[in-house]
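Each residue takes its place number in the sequence, starting with 1.
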Amino acid sequence: MTPVHFSFSAAFILGLMGLAFHRTHLLSALLCLEGMMLSLFMALALWTLQTEATNLSAAPMLLLAFSACEAGTGLALLVATARTHGSDRLQSLNLLQC
């Protein structure tokens, strides 16, 4: 495994571990998801450049577009949660309550 592949894998694993173990605020969970998506984007772009596949050249941009949509949706949920519950702490959210 090259150092570049190791760094992308480590960035993804760190984002996953942050999402799994540090779930106090919704904003920190969203930042961990964005870090994971960014490492996937960079790895996919590097893989496309290394294989020189012209038919897969649009895949990193498509992933980046979906990542931007995910970020916008996450920020909208963060604002809605902060307005209704007063904070973004995940422990204060009750999914069974309407």
Side-chain angles (χ1 to χ4, degrees):
M1 180 181 281
T2 64
V4 175
H5 290 102
F6 176 74
S7 64
F8 293 145
S9 299
F12 184 81
I13 295 298
L14 282 174
L16 187 64
M17 287 176 54
L19 185 63
F21 297 127
H22 188 66
R23 296 182 300 188
T24 56
H25 293 281
L26 183 58
L27 185 60
S28 64
L30 290 174
L31 284 174
C32 289
L33 281 174
E34 284 301 312
M36 290 170 58
M37 289 298 286
L38 185 61
S39 68
L40 282 177
F41 166 73
M42 292 173 58
L44 186 61
L46 180 70
W47 178 71
T48 305
L49 286 175
Q50 283 180 347
T51 58
E52 297 177 1
T54 57
N55 55 354
L56 295 175
S57 62
M61 295 306 291
L62 186 65
L63 182 70
L64 194 62
F66 282 131
S67 177
C69 293
E70 178 257 334
T73 305
L75 287 176
L77 286 172
L78 177 70
V79 168
T81 302
R83 284 184 180 172
T84 57
H85 291 79
S87 73
D88 68 334
R89 293 186 60 85
L90 292 176
Q91 285 84 13
S92 66
L93 299 178
N94 188 0
L95 297 178
L96 298 176
Q97 182 181 18
C98 291

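- A pairwise comparison of heavy atoms in Thr48 and Thr51 identifies O-OG1, 3.4 Å as the closest pair.
- Placement of Val4 and Met36 within a single hydrophobic cluster is found when ILVMFWY residues are connected by side-chain heavy-atom separations under 4.5 Å, directly or transitively.
- Expressed to the nearest 0.5 Å, how far OG1 of Thr73 lies from CG of Leu78 amounts to 12.5 Å.
- Between Leu62 atom CG and Ser57 atom OG the span is 11.5 Å, to the nearest 0.5 Å.
- Remark: side-chain polar atoms of Ser67 are not paired, donor with acceptor, to backbone N or O of Leu63 under 3.5 angstrom.
- Using a 4.5 Å cut-off on side-chain heavy atoms (C-beta onward), Leu38 and Met42 make contact.
- Remark: the Ser28 side chain and the His25 side chain contain no N/O donor-acceptor pair separated by less than 3.5 Å.
- Under the 4.5 Å side-chain heavy-atom criterion for Ile, Leu, Val, Met, Phe, Trp and Tyr, Leu16 and Phe66 are members of distinct hydrophobic clusters.
- The distance from atom CD of Glu34 to atom CZ of Phe41, rounded to the nearest 0.5 Å, is 12.5 Å.
- For Leu19 against Cys32, the heavy-atom pair with the smallest separation is N-SG, 3.7 Å.
- Hydrophobic clustering keeps Leu14 apart from Phe21 (ILVMFWY residues linked when any side-chain heavy atoms are closer than 4.5 Å, directly or through intermediates).
- Once rounded to the nearest 0.5 Å, the distance linking CH2 of Trp47 with CG of Leu40 reads 13.0 Å.
- Atom CZ of residue Phe12 and atom CE of residue Met17 lie 13.0 Å apart, to the nearest 0.5 angstrom.
- Atoms CZ and CG, on Arg89 and Leu27 in that order, are 13.0 Å from each other to the nearest 0.5 Å.
- Counting heavy atoms of neighbouring residues, nucleotides and ligands inside a 6.0 Å radius, atom CD of Glu52 does not exceed 12 of them.
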